[in-house]
Amino acid sequence: MDDVRRIAVVTGAGSGIGRSVALELSAAGWSVALAGRRAGALEETAALAGPGSDTLCVPADVTEPDAVGALFEAVRERWGRVDLLFNNAGTFGPGGIGFADLPYEAWRKVVDVNLTGAFLCAQAAFRQMRDQDPRGGRIINNGSISAHTPRPDSAPYTATKHALTGLTKSISLDGRPYGIACGQIDIGNAATDMTQAMRSGVRQANGDLAPEPVMDAGDVARTVRHMAELPPEANVQFATVLATNMPYIGRG
């Protein structure tokens, strides 16, 4: 695909890591479909990509099968194929609620977005990549440090991110006959609006509140681009990118 324009779909592209990845890919010459719930935020991302960029804004709720189908249909109509899905849309869910008091509705919302939404988008991308000519493509799932180690009071988020690792492995195996690679990037403390609280103090395993270091979201975006631009015969199965001094390795 080096001699033609490559096509990417980025979910959660209206802010944070999704926006950073979309802008990084666009600057590298990719055509990028920007998906997310808020049309205005997607338009802001498209404007930031600047003149000469080739973007398509598609408001979509990844928890709705019909919306996901419409997203990938819009991409097919515009460009005819999909070379990359960055499966990024997600939610932390409610904070500060202990496991015993967690409402079912809160659990269900996180599972619907982080796991079911990731499945629906990956399945739609997989089908397109399997059937297009030339065949193949790459799916990169946004896992999390929580795919390995939980924070206090984070059962829904942690459970879905552990499950996403299983989904990544399954797609990797099932995609082999069709030239579809799948990898996962596990991110720790990228500086976004969603992680703003980390700078003032977040609850630690011992119950204390403590500020945590963060890193620039652009460092994540450059890693995703590296994974995306590998040749078809190579794949980064799992990558971990984190703020160097965050309390993750060892005891903090």
Decide yes or no on side chain to side chain contact (heavy atoms under 4.5 Å, CB included) for Arg135 and Met129, but give the supporting numbers first. CA-CA 6 Å; Arg135 173 184 276 181; Met129 293 170 180; over 6 Å; no
Show, in sequence, the C-alpha distance, side-chain angles and deciding distance for His148 and Tyr248, and conclude whether the side chain to side chain contact (heavy atoms under 4.5 Å, CB included) test is met. CA-CA 10 Å; His148 306 271; Tyr248 170 62; 3.4 Å; yes
Evaluate the criterion side chain to side chain contact (heavy atoms under 4.5 Å, CB included) for residue pair Ile185 and Met227; output intermediate values, then yes/no. CA-CA 9 Å; Ile185 183 166; Met227 296 169 71; 4.2 Å; yes
Does the side chain to side chain contact (heavy atoms under 4.5 Å, CB included) test come out yes or no for Ser31 and Arg6, once each step is laid out? CA-CA 6 Å; Ser31 298; Arg6 292 161 293 189; over 6 Å; no
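Side-chain atoms of Thr45 come within 3.5 Å of backbone N or O of Ala13 as a donor-acceptor pair. Side chain of Ser26 to main chain of Ala22: no donor-acceptor pair is present (N/O by atom type, distance under 3.5 Å, no hydrogens or angles). For the pair Glu105 (side chain) and Lys109 (backbone), a donor-acceptor distance under 3.5 Å is absent. No side-chain donor-acceptor contact under 3.5 Å links Asn88 to the backbone of Asn142. Using a distance-only test at 3.5 Å, with no hydrogens or angles considered, a donor-acceptor pair links the side chain of His162 to the main chain of Ser146. In this structure a side-chain-to-backbone donor-acceptor pair under 3.5 Å is missing from Thr116 to Val113. Proximity of a side-chain donor or acceptor of Thr149 to a complementary backbone N or O of Ile145 within less than 3.5 Å is not detected.
Side-chain contact between Met215 and Ile187 is present, with heavy atoms from C-beta onward closer than 4.5 Å. Residues Thr158 and Thr160 fail the side-chain proximity criterion, which asks for heavy atoms closer than 4.5 Å. Considering only heavy atoms from C-beta on, Val236 stays 4.5 Å or farther from Ile140 through its side chain. Ser172 places a side-chain heavy atom less than 4.5 Å from the side chain of Gln237. No side-chain heavy atom of Val9 sits less than 4.5 Å from a side-chain heavy atom of Phe86. Side-chain atoms of Pro94 and Leu102, non-hydrogen and from C-beta on, do get closer than 4.5 Å to each other. Using a 4.5 Å heavy-atom cutoff, the side chains of Leu56 and Leu34 are not in contact. Inter-residue side-chain proximity for Phe238 and Lys169 is flagged as met; some heavy-atom pair is nearer than 4.5 Å.
Of the N and O atoms on the side chains of Glu212 and Asn189, at least one donor lies less than 3.5 Å from an acceptor on the other residue. Inspection of the Ser144 and Asp186 side chains reveals no N or O donor paired with an N or O acceptor under 3.5 Å. Looking only at atom types and distance, the side chain of Asp54 has a donor-acceptor partner in the side chain of Trp79 under 3.5 Å away.
Atom CZ of Arg108 sits in a sparse spot, with 12 or fewer heavy atoms from other residues, nucleotides or ligands closer than 6.0 Å. More than 12 heavy-atom neighbours from other residues, nucleotides or ligands sit within 6.0 angstrom of CZ on Arg151.
Taking both residues in full, the closest heavy atoms of Ser20 and Ala217 are given as OG-CB, 3.5 Å, listed atom of the first, atom of the second, then distance. The two residues Thr168 and Gly183 come nearest to each other via the heavy atoms CG2-C, 3.8 Å. Across all non-hydrogen atoms, the minimal contact from Ala8 to Leu25 is CB-CD1, 4.0 Å. Smallest separation of non-hydrogen atoms from Gly175 and Phe126: CA-CE1, 3.6 Å. When all heavy atoms are compared, the tightest approach of Gly98 to Asp153 is CA-OD1, 3.5 Å. For the pair Val214 and Ala191, the tightest heavy-atom approach, listed with the atom from each and the gap, is CG2-CB, 3.9 Å.
Summarising the geometry, atom CG belonging to Leu120 is positioned 10.0 Å from atom CZ belonging to Phe72; distances are rounded to the nearest 0.5 Å. How far CG of Leu23 is from CZ of Arg19: 7.0 Å, rounded to the nearest 0.5 Å. With values rounded to the nearest 0.5 angstrom, Asp216 atom CG is found 6.5 Å from Arg222 atom CZ. In this structure, the separation between CG on Asn235 and CZ on Arg176 is 10.0 Å, given to the nearest 0.5 Å. In this structure, Cys182 SG and Leu167 CG are separated by 7.0 Å, a value rounded to the nearest 0.5 Å. Taking CG of Asn141 as the reference point, atom CG of Asn87 lies at 5.0 Å (rounded to 0.5 Å).
Hydrophobic cluster membership differs between Val62 and Leu42, with clusters built from Ile, Leu, Val, Met, Phe, Trp and Tyr side chains linked at under 4.5 angstrom. Taking hydrophobic clusters as Ile, Leu, Val, Met, Phe, Trp and Tyr residues chained together by side-chain heavy-atom distances below 4.5 Å, Ile139 shares a cluster with Val82. Transitive grouping of hydrophobic side chains (ILVMFWY, heavy atoms separated by less than 4.5 Å) keeps Ile7 and Val21 in distinct clusters. Leu71 and Val10 end up in different hydrophobic clusters when Ile, Leu, Val, Met, Phe, Trp and Tyr side chains are linked at under 4.5 Å. In the hydrophobic cluster analysis, where Ile, Leu, Val, Met, Phe, Trp and Tyr join through side-chain heavy atoms closer than 4.5 angstrom, Tyr178 is grouped together with Phe119.
Between Arg138 and Asp83 there is no salt bridge, since none of the side-chain N atoms of the basic residue sits less than 4.0 Å from a carboxylate O of the acidic one. The pair Arg76-Glu73 counts as a salt bridge, with a side-chain nitrogen and a carboxylate oxygen less than 4.0 angstrom apart. Salt bridge present: Glu229 and Arg225 bring a charged side-chain N and a carboxylate O closer than 4.0 Å. Under a 4.0 Å N-O distance rule, the pair Asp131/Arg127 does not qualify as a salt bridge.
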